[in-house]
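The structure under discussion appears below in the form of structure tokens.
Proteins get letters first, then strands, A, B, ... in listed order; numbering begins at 1 in each.
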2 protein chains.
Amino acid sequence: MGTTAAPNKQAPQKTSAKAATPQPKTARGEATRRAILAAAERVIGEKGYNDASIGHITSEAGVAQGTFYIYFKTKEQVFSELVLEMGRLVRHSISESTATLTDHLDIEKAGLTAFLRFVRAHPNLYKIVQEALFVDPAAYREYYAKFASGYRVGLLAAVKKGQISEGDAETRAWALMGIARALGEQLVVFTTQKNIPELGDSAQELLANGLKP
Amino acid sequence: MGTTAAPNKQAPQKTSAKAATPQPKTARGEATRRAILAAAERVIGEKGYNDASIGHITSEAGVAQGTFYIYFKTKEQVFSELVLEMGRLVRHSISESTATLTDHLDIEKAGLTAFLRFVRAHPNLYKIVQEALFVDPAAYREYYAKFASGYRVGLLAAVKKGQISEGDAETRAWALMGIARALGEQLVVFTTQKNIPELGDSAQELLANGLKP
DNA sequence: TTGAAACATGAACGAGTATTCATGTTTTGC
DNA sequence: GCAAAACATGAATACTCGTTCATGTTTCAA
């Protein structure tokens with residue numbers, strides 16, 4: 001949605017995340033850091049933040065425990081970074097699959113199905129965001145605020161173009177976000193066997209015409 | 001919504017919750033148990049499950065640590081009970097405020113606003129349900145499954161009465177649930193100062209007519 | 001009144017774990 | 001080739017916290 005594709009080359013990090021440990025200075029360091037981050041994603045995604053110990057993470061990454069603290073100040077920090085990265089990934093995935101579309105209802109449907117595909121492919125990342133509400137509320141809020149803002153921008157533009165009716169963009173944005181989230185949860189938490197295109201169709205139908213007979 | 005008002009007199013507990021500690025046998029015992037449960041609600045709601053220690057809970061309840069284990073087998077158990085109770089409370093609150101209504105769109109709006117009022121009044125209970133995904137997934141699923149089932153029943157009935165158009169009831173149910181959840185979260189996690197009736201109006205408008213011009 | 005059951009206490013146990021640190025190894029710039 | 005910087009190690013530290021238990025106190029039925 002209206003979200004700009006985030007630059008991946010890590011410039012001095014402008015969003016949240018306190019004083020970060022200095023970036024690795026060699027290729028080896030960068031590889032190790034990435035390995036730890038990837039391991040953290042798997043382990044935290046599976047066991048949850050609290051049951052995922054540094055020991056678990058480092059052994060999954062194939063490094064010693066102390067190595068962790070060369071790259072991350074605390075356990076919380078690696079988690080926060082995970083949440084930020086995941087946010088970037090979903091938004092990127094969505095904006096990619098809507099980039100060429102012009103009709104807002106098509107955009108909405110494509111965005112939703114892209115989101116659902118992403119969620120099905122990364123069920124652990126989905127759980128991670130949920131847990132951020134407790135571990136790093138700021139990151140959690142940032143995640144959804146960015147999402148909501150993307151929706152709002154798209155809605156306002158579509159109203160201006162006459163593609164959709166007028167209405168409270170803020171509430172609509174949150175409602176749309178809520179629909180996507182709930183359907184995604186249906187897929188990965190309730191492990192429904194629903195197929196994504198059909199879900200997209202049903203949702204678009206509801207979104208376009210509402211419930212009225 | 002379609003959910004039956006749950007009996008509050010604790011019959012032998014039919015839902016989840018493993019082998020529970022026997023119910024208290026005297027008035028004193030019952031009062032203590034209730035005090036611990038209430039303290040757990042406050043403490044876990046504030047600090048989250050993992051940072052809420054038994055010590056915190058019992059001292060908030062004004063009893064010794066050991067007393068906790070007279071009434072609850074484990075820390076997890078008190079949490080599970082909290083989630084179940086909260087589910088009962090919301091559903092009851094919603095079904096009460098929709099009981100006299102007959103038009104489905106009115107019911108939907110009244111249910112949503114009742115939910116939002118409840119959430120605003122119990123922001124800590126809201127957080128508790130979220131955390132159940134990690135602490136007691138079964139309770140989490142039960143919570144939302146019951147909600148979804150209520151929605152689905154209501155939708156099917158309304159279609160039969162010709163009050164709303166036809167459409168996939170399951171997906172619609174999850175979408176409606178998602179909307180409610182997102183708007184509730186907007187209130188308590190993002191602490192918007194929005195007023196609830198206006199949110200209800202906007203949402204109903206969207207739900208009734210959709211986005212089409 | 002009295003004995004038994006229910007309830008209450010808080011100190012102690014044991015297991016787990018985030019973080020640090022002194023010591024090695026590898027890579028880099030020159 | 002070599003010093004210095006960067007990276008890696010894993011044992012040790014310094015906790016926290018869930019749970020148990022031996023010992024009291026209160027309540028209740030008869």
Completion exercise
Protein-proximity profile, nucleotides 25-30 of chain C, B/S/- by nucleotide at the 4.0 Å heavy-atom cutoff, equals -SS---
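Put simply, the side chain of Gln65(B) does not reach to within 4.5 Å of the side chain of Ile57(B), judged on heavy atoms. Counting heavy atoms from C-beta outward, Thr58(B) and Thr67(B) have side chains that stay 4.5 Å or more apart. Annotation: side chain of Leu199(B) is in contact with side chain of Leu187(B) (closest heavy-atom distance under 4.5 Å). Two residues are said to be in side-chain contact when any heavy atoms from C-beta on lie closer than 4.5 Å; Asp168(A) and Arg172(A) fail this criterion. Between Glu170(A) and Trp174(A), the closest side-chain pair of non-hydrogen atoms falls below 4.5 Å.
Toward the 5' end of DNA chain C, the nearer of the two residues Tyr71(B) and Ala52(A), judged by each one's closest nucleotide, is Tyr71(B). Residue order along DNA chain C, read from the 5' end via each residue's closest nucleotide, puts Gly29(B) first among Gly29(B) and Glu76(A).
Distance, Asp51(A) CG to dC17(D) C1': 14 Å, rounded to whole Å. We find that CD1 of Ile70(B) is positioned 16 Å from P of dA5(C), with the value rounded to whole Å. Distance, Arg34(B) CZ to dC7(C) C1': 16 Å, rounded to whole Å. Straight-line distance from the CZ atom of Phe68(A) to the P atom of dT17(C): 14 Å, rounded to whole Å. Regarding Ile54(A), its CD1 atom lies at a distance of 9 Å from the C1' atom of dT19(C), rounded to whole Å. Rounded to a whole Å, the CG atom of Asn50(A) is 14 Å from the C1' atom of dG18(D). Atoms CD (Gln23(A)) and P (dA5(D)) sit 20 Å apart, rounded to a whole Å. Whole-Å rounding puts the Lys75(A) NZ to dT16(D) P distance at 16 Å.
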Enumerate all atom pairs, one protein N or O and one N or O from nucleotides 10-16 of chain C, separated by less than 3.5 Å.
from: dG10(C); atom 1: N7; to: Gly66(B); atom 2: N; distance (Å): 3.3

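A donor-acceptor pair under 3.5 Å links the side-chain atoms of Lys127(A) to the main chain of Gly45(A), judged by distance alone.
Out of dA8(D), dT20(D), dC7(C), the shortest distance to the side chain of Tyr69(B) is found at dT20(D).
With respect to Arg42(B) and Glu46(B), no salt bridge is recorded, no charged nitrogen being found less than 4.0 Å from a carboxylate O. The pair Glu185(A)-Arg181(A) fails the salt-bridge criterion, with no side-chain N (NZ, NE, NH1 or NH2) lying under 4.0 Å from an Asp/Glu carboxylate O.
Using a 4.0 Å heavy-atom cutoff across all strands shown, Ala31(B) reaches no nucleic acid atom at all. Here Phe72(B) lies out of heavy-atom contact (under 4.0 Å) with every strand.
Taking all atoms of both residues into account, the shortest heavy-atom contact from Tyr151(B) to Glu108(B) is CE2-OE2, 3.0 Å.
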